[in-house]
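So you know, we letter chains A, B, ... as the sequences are listed, proteins then strands, and number each from 1. Computed over heavy atoms, backbone and side chain alike; hydrogens, waters and symmetry mates excluded.
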Amino acid sequence: AQRVTQPEKLLSVFKGAPVELKCNYSYSGSPELFWYVQYSRQRLQLLLRHISRESIKGFTADLNKGETSFHLKKPFAQEEDSAMYYCALRDSGGYQKVTFGTGTKLQVIP
Amino acid sequence: KAGVTQTPRYLIKTRGQQVTLSCSPISGHRSVSWYQQTPGQGLQFLFEYFSETQRNKGNFPGRFSGRQFSNSRSEMNVSTLELGDSALYLCASSLAGGHDEQFFGPGTRLTVL
């Protein structure tokens with residue numbers, strides 16, 4: 001069974017401080033990993049996916065298969081980064097059965 | 001291009017009733033997935049439809065069912081509602097599933113009294 005764990009329900013950081021949102025997964029196959037974000041009063045939206053290896057809004061995430069982790073990082077937090085962040089996993093074989101973590105609320109303090 | 005739309009946005013039902021929720025995907029998208037979001041369990045996958053066929057199913061009881069029409073619009077039905085079914089139900093669409101990005105709707109907030 002696939003499982004995604006986000007150990008922190010709430011993460012508070014000061015503006016300009018580095019951010020790291022933790023995500024660990026368990027899956028026997030070859031997963032695709034994602035980070036989704038939900039800003040206040042907005043829809044859930046894709047932030048980034050490991051296969052694209054992009055940096056979106058200054059965020060990056062590296063898939064570490066040895067540690068089964070996919071932590072989300074940003075060197076300098078901005079107030080507009082305050083949101084709920086969800087880590088998610090999908091079987092790389094396709095189909096849209098996505099398993100989400102329980103989410104971490106990021107609060108950036110001005 | 002219009003986003004994913006869901007109707008109704010809010011719904012109040014009583015235990016034992018049944019409910020039908022609707023999702024209209026982005027034009028051209030053929031895959032529709034449904035999720036249940038609750039404070040305790042987070043986002044949980046219900047099922048995915050593609051070309052009118054259920055392609056994937058999560059671990060929910062048979063009271064939860066769905067279907068997809070030829071125009072890719074999808075409905076999900078919950079019969080014999082229980083208090084624990086109170087949740088935000090999210091629909092997401094993608095071009096063909098697989099590795100395509102999912103786009104989420106605003107959700108339908110179901111309250112069961």
Side-chain angles (χ1 to χ4, degrees), chain A residues 1-10 21-27 29-54 56 61 63 83-106, chain B residues 1-6 9 23-26 29-51 53-60 66 68 72 74 76 87-109:
Chain A
Q2 49 200 65
R3 187 178 184 90
V4 177
T5 303
Q6 293 179 251
E8 303 137 330
K9 283 193 173 181
L10 172 66
L21 299 169
K22 290 184 168 39
C23 172
N24 288 90
Y25 68 90
S26 63
Y27 185 63
S30 183
E32 277 190 85
L33 275 297
F34 306 83
W35 277 98
Y36 283 84
V37 61
Q38 188 167 29
Y39 301 102
S40 179
R41 300 182 188 282
Q42 293 188 28
R43 304 179 182 202
L44 194 63
Q45 57 186 283
L46 180 66
L47 179 63
L48 54 79
R49 54 204 297 183
H50 89 272
I51 57 172
S52 58
R53 304 182 69 83
E54 293 174 305
I56 306 293
L63 178 60
M84 278 294 293
Y85 291 81
Y86 295 92
C87 182
L89 176 155
R90 182 173 72 188
D91 187 297
S92 63
Y95 304 143
Q96 293 286 10
K97 184 174 183 177
V98 181
T99 298
F100 284 84
T102 50
T104 298
K105 183 175 182 178
L106 175 64
Chain B
K1 197 152 116 167
V4 178
T5 57
Q6 292 186 246
R9 293 293 311 278
C23 171
S24 292
I26 292 172
H29 284 194
R30 294 167 62 196
S31 168
V32 174
S33 298
W34 288 90
Y35 296 86
Q36 181 194 65
Q37 186 175 26
T38 59
Q41 300 294 321
L43 275 151
Q44 293 185 282
F45 174 80
L46 279 155
F47 27 65
E48 184 217 358
Y49 285 87
F50 178 78
S51 292
T53 301
Q54 188 181 88
R55 191 160 66 172
N56 255 305
K57 190 176 188 307
N59 298 322
F60 278 81
Q68 186 180 35
S72 295
S74 177
M76 68 163 279
L88 182 68
Y89 290 88
L90 292 173
C91 160
S93 77
S94 63
L95 277 169
H99 301 284
D100 297 323
E101 179 181 349
Q102 287 189 98
F103 294 85
F104 283 82
T108 293
R109 171 74 64 187

A:K105: partners by side chain to side chain contact (heavy atoms under 4.5 Å, CB included), with sequence neighbours left out: A:L10, A:M84
At a 4.5 Å cut-off on heavy atoms, which part of A:Y36 comes close to chain B: side chain, backbone, both, or neither? side chain
For a side-chain contact (heavy atoms from CB on, under 4.5 Å) with B:Y35, tell me which candidate from B:L43, B:L88, B:L46 qualifies. B:L43
I need the residue from B:G42, B:G105, B:G107 with the largest number of non-hydrogen atom pairs under 4.5 Å to chain A. B:G105
So for B:Q44, is it side chain, backbone, both, or neither that comes closer than 4.5 Å to the heavy atoms of chain A? neither
Does any N or O in the side chain of A:R43 come within less than 3.5 Å of the main-chain N or O of B:G3, such that one atom is a donor and the other an acceptor? no
Test of understanding: with side chain to side chain contact (heavy atoms under 4.5 Å, CB included), list the residues that count as partners of A:R3, not counting sequence neighbours. A:T5, A:S26
